[in-house]
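Single-structure report; data block below.
A note on names: the letters A, B, ... follow the listed sequences, proteins ahead of strands, and every chain is numbered from 1. Computed from heavy atoms alone, side chains included, the values below leave out hydrogens, waters and symmetry copies. Since the model is a prediction, treat every value here as computed from it, not as a measurement.
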Amino acid sequence: MEENLLNELNPMQKEAVVQTEGPCLVIAGAGSGKTKVLTYKVAYLMEHEKVAPWNILAITFTNKAANEMKERVEALVGNAINDIWLGTFHSICVRILRKFIDRLGYDTSFIIFDTTDQKTLMKQVLKELNVDSKMFSEKSVLSDISNAKNEMIEPEQYKLMYGGDYRKDIIAKCYELYQKKLKDNNAIDFDDIINYTIKILQNNSDVLDYYASKFKYILVDEYQDTNKAQFTLISTLANKYKNITAVGDSDQSIYRFRGADITNILNFEKDFPGTQIVKLEQNYRCTQNILKAANEVIKNNGDKYGKRLWTENEEGNLPNIFCGEDEYEEASYVVEEINHLRRAEYMKYSDFAILYRMNSQSRAIEDVLRREDIPYKIIGGLKFYERKEIKDAIAYLRLIANSSDSISFARIINEPKRGIGKTSLDNIQKIADENSISMYEVVKHAEQYMPKLVNSTKAFVDTIEELKGLVYQETDVSEIIKQTLKKTGYTDALKLENTIEAQSRIENLEELLTVAMEFEKESADKSLQEFLNGISLSSDTDNIEESDDMVTLMTLHSAKGLEYPAIFLVGLEEGIFPGNLSMGSEEDIQEERRLFYVGITRAKRYLYITFAKKRTIFGSTSYNPPSRFVNEIPKELFNGYDDAIESSNSADKFADSQFEWTYGSKFNKFGSGSSKNNGPVITKRAVDSGDIPSASPATFGKSVDSFLKNMNVGVSTAASAPTDLSQYKVGQAVFHKKFGEGVITGLDPEGDDYKVDIEFKNFGHKRLMLKFARLEIIE
DNA sequence: CACGCTCTGCCTGCG
DNA sequence: GCAGAGCGTG
């Protein structure tokens with residue numbers, strides 16, 4: 001078994017695996033098998049070195065990476081996987097905090113504030129400190145605080161370091177109050193998760209001894225993405241045995257903006273004396289031509305470790321390049337190529353991914369994909385857990401689990417409407433502050449604090465207390481959610497709205513129930529607390545399901561770690577990619593270049609790079625030259641280079657080439673020169689691009705989200721044609737956005753609608769309401 | 001207190 | 001172009 005283990009590895013991979021003692025840095029190029037090395041190393045430690053599973057700590061950044069690793073390790077070592085501490089930085093730290101956060105004066109039932117909660121709290125802070133919210137937006141203050149936390153600078157220290165600077169002084173005050181308020185809510189934010197863990201370890205030798213002795217072997221994935229706090233955590237834990245393996249690729253460091261410090265990987269040898277470095281340079285993913293293009297791009301950055309990726313894969317096709325008139329023509333080209341490859345190479349929709357620099361670029365592509373009836377899914381954008389109804393439901397659950405959570409209280413006290421408006425809310429807040437109690441306590445004892453509120457809140461308090469009783473009786477989470485939505489009148493209020501949007505919200509809440517039921521099946525600890533914990537630490541990229549045959553759309557950042565047979569990199573224009581905000585410094589440009597490199601190396605067999613002569617973004621149109629990165633790939637490495645460049649030059653692109661980036665330049669937005677010509681050309685999509693004649697602005701003018709809702713039933717309603725249900729018959733093949741292809745096996749009239757039974761290829765039998773199922777007919 | 005209108009500001013985003 | 005905040009009116 002053990003020999004077999006090593007036989008599946010190439011010499012360098014093998015070296016990285018057997019190098020178990022002392023610090024080991026694995027420089028793993030794109031597609032070089034780094035997950036394989038990590039998983040085999042864990043197995044090797046157990047089988048060859050006889051290390052107990054509970055002495056191993058393996059850390060990743062994303063849940064997705066953690067799950068993948070878990071599955072692959074399990075395949076090698078079986079049940080022992082359950083004793084290995086394998087998880088994200090955050091999940092590992094939360095696990096420690098649940099045990100020891102009382103050392104910091106918190107209750108172990110603490111909750112984790114997400115971005116929205118943070119903003120709400122910061123708004124309170126700014127108000128309380130009378131800070132001018134024009135100059136200090138919640139977002140910017142939070143961003144400064146987060147940067148400080150990434151650098152492990154606490155409020156007092158912040159004040160000392162930056163004292164005297166007008167802006168920083170104010171930020172310091174906000175930081176201080178923000179931390180205090182978090183504590184009042186028995187809440188911590190994502191950055192605190194790491195920092196508090198470090199603090200507990202550093203100030204409590206018993207805790208440190210325990211964990212440092214426990215984790216004899218530590219493995220860290222994506223090391224180039226670590227920030228100072230994460231580095232400190234790892235080195236604190238590794239200090240006793242110094243058996244640390246870090247795997248990473250400095251060329252794929254793309255998260256500087258959120259605190260990742262590339263010097264962590266560059267200085268690894270200094271930080272951990274006696275480091276063995278292993279370079280993995282053989283790429284198993286891409287064709288030679290794709291790899292050549294990638295190498296040509298990244299060599300412009302200069303690489304400390306001087307690695308050169310190579311492959312034994314076939315030469316493959318040349319990467320394609322295309323220039324469109326505008327983003328619609330660009331998208332149409334992408335669609336044409338997808339259809340072409342499907343026909344010519346029998347490729348599936350799920351073999352394709354379209355990658356862009358920012359989420360707002362997805363719209364044009366979506367429009368064209370929809371027009372051409374191509375199934376697609378978007379990763380990112382408006383996330384499931386950020387939807388209003390989901391946030392509301394979770395706020396209820398959080399309040400039930402932790403009544404001191406005043407942010408959640410404020411979110412749902414008037415949701416559904418209970419006649420508690422801003423004035424009442426402010427009063428509750430004031431009284432809570434004065435008496436140092438939570439807002440919920442104020443309302444619970446309204447007869448004592450605010451007699452006027454007794455009538456309007458009695459039912460609310462009773463419901464919450466009743467639901468708390470359910471938690472006490474260890475009722476299933478899904479049942480608690482059901483009861484919550486029912487007893488608070490939340491679902492009823494939505495039903496009363498009787499709109500497509502409300503229906504969609506109800507469906508999302510049902511989806512939350514499904515999540516809860518899955519949790520009950522899978523989790524050992526079935527408590528509400530644990531459920532909420534899991535939700536706080538989950539993200540949408542976790543479940544990119546491969547079973548659906550759909551084209552994937554996402555940002556380049558989301559694509560890291562993934563691979564597809566065919567990749568489209570769109571919007572390769574100066575100002576878009578590299579983005580305008582990155583043009584200031586060479587460091588930022590290098591990071592953008594790494595992002596481009598990441599994009600190229602996602603492709604296994606086909607690579608397309610596209611740009612457009614003109615593009616409408618954020619409501620204004622601009623003409624941008626092709627990205628400098630395109631020119632870094634020698635033209636003989638492209639298929640279609642002359643056509644693309646010729647058509648991009650034929651434009652009058654310099655005639656009125658004025659790129660007005662409408663954000664990030666607050667101070668010169670109306671500054672000099674704005675009147676020197678007539679400003680940006682405004683392109684009205686439905687008018688100017690004859691590409692989509694069937695779409696009226698009214699139909700397309702909604703958010704992507706409401707679009708999806710409209711995509712079948714809604715559109716025909718909007719076009720004043722009655723919904724034609726007659727085309728849905730038993731035996732008809734249909735397509736559902738979530739469940740994919742299926743066949744109708746039954747129809748039952750229900751009011752003016754039908755209950756429809758469908759046998760799905762990949763999801764089995766489902767019963768849905770026809771009007772809301774948004775089924776597409778498959779010819 | 002609720003609703004609807006206008007204004008503003010916007011990249012990428014792990015957990 | 002669009003969502004969310006803020007403000008004024010019924």
Main-chain N/O of A/Arg628 paired to A/Glu574 side chain as donor or acceptor, under 3.5 Å: yes

Out of B/dG13, B/dG15, B/dC11, whichever nucleotide has its closest atom nearest the side chain of A/His90: B/dG15

Consider the side chain of A/Phe618, meaning its heavy atoms from C-beta on, and name the nucleotide among B/dG13, B/dG15, C/dG1 that approaches it most closely. C/dG1

Sequence neighbours left out, what passes side-chain hydrogen bond (donor to acceptor under 3.5 Å, both in side chains) with A/Asp261? Give chain and number order. A/Thr263

Out of B/dG15, B/dA2, B/dT12, which has the shortest distance to the side chain of A/Phe190? B/dG15

Measuring to OP1 and OP2 of B/dC14, would you say a side-chain N or O of A/Asn63 lies under 4.0 angstrom away? no

Can you identify which nucleotide, out of B/dT12, B/dC11, C/dA5, has its nearest atom closest to the A/Lys123 side chain? C/dA5

Select from A/Lys417 and A/Leu595 the residue whose nearest nucleotide in DNA chain B is closer to the 5' end of that strand. A/Lys417

What integer distance in Å separates A/Leu425:CG from B/dC1:C1'? 13 Å

Taking the six-membered ring of A/Phe409 (Phe, Tyr or Trp), confirm whether the NZ or CZ of A/Arg398 is under 6.0 Å from its centre and within 45° of its axis. no

What is the separation between atom CE on A/Met554 and atom P on B/dT12, rounded to the nearest whole Å? 15 Å

Please pick, from B/dG15, B/dT12, C/dG1, the nucleotide with the shortest atom-to-atom distance to any side-chain atom of A/Thr115. B/dG15

Can a side chain N or O of A/Ser360 be found less than 4.0 Å away from OP1 or OP2 on B/dC10? no

Is the side chain of A/Asn414 donor-acceptor paired with the backbone N or O of A/Ile420 at a distance under 3.5 Å, no angle test? yes

Would you say the side-chain atoms of A/Arg418 pair up with the backbone N or O of A/Ile413, donor to acceptor, closer than 3.5 Å? yes

Let me spell it out: for each of A/Phe61 and A/Glu592, pick the nucleotide of DNA chain B with the closest heavy atom. Which residue's pick is nearer the 5' end? A/Glu592

Within this structure, what is the CD1-to-P distance between A/Ile617 and B/dC11, rounded to whole angstrom? 11 Å

So what does A/Asp225 touch, heavy atoms closer than 4.0 Å: a base, only the sugar-phosphate, or nothing? nothing

Rounded to the Å, how far apart are A/Asp221 CG and B/dG15 P? 12 Å

Measure the distance from CG on A/Asp114 to C1' on B/dG13 and round it to the nearest whole Å. 13 Å

Quick one: does any side-chain atom of A/Asp225 pair with a main-chain N or O of A/Ala260 as donor and acceptor, under 3.5 Å? no

Base, sugar-phosphate or nothing for A/Ser424? Non-hydrogen atoms, less than 4.0 Å. sugar-phosphate

Given atom CD1 of A/Ile365 and atom P of C/dG1, what is their separation to the nearest angstrom? 17 Å

Of all the base pairs, Watson-Crick or G-U under 3.5 Å, which form stems of three or more consecutive pairs involving DNA chain B? B:1-10 with C:1-10

Rounded distance (Å) that lies between atom C1' of B/dC14 and atom CG of A/Leu556: 16 Å

Side-chain contact test, heavy atoms from C-beta onward, threshold under 4.5 Å: evaluate it for A/Lys123 versus A/Glu128 and give yes or no. no

Short side-chain N/O contact from A/Ser620 to OP1 or OP2 of C/dG1, under 4.0 Å: no

Touch check for A/Lys139, heavy atoms < 4.0 angstrom, all strands: base, sugar-phosphate only, or nothing? sugar-phosphate

Exactly one candidate in A/Tyr223, A/Phe89, A/Tyr255 meets ring-ring contact (aromatic ring centres under 6.0 Å, His included) with A/Phe61; the answer is A/Phe89

Evaluate whether the aromatic ring of A/Phe257 and the six-membered ring of the B/dT12 base sit under 5.5 Å apart, centre to centre, with an inclination under 30°. yes

A/Phe113 CZ - B/dC14 C1' separation (whole Å): 20 Å

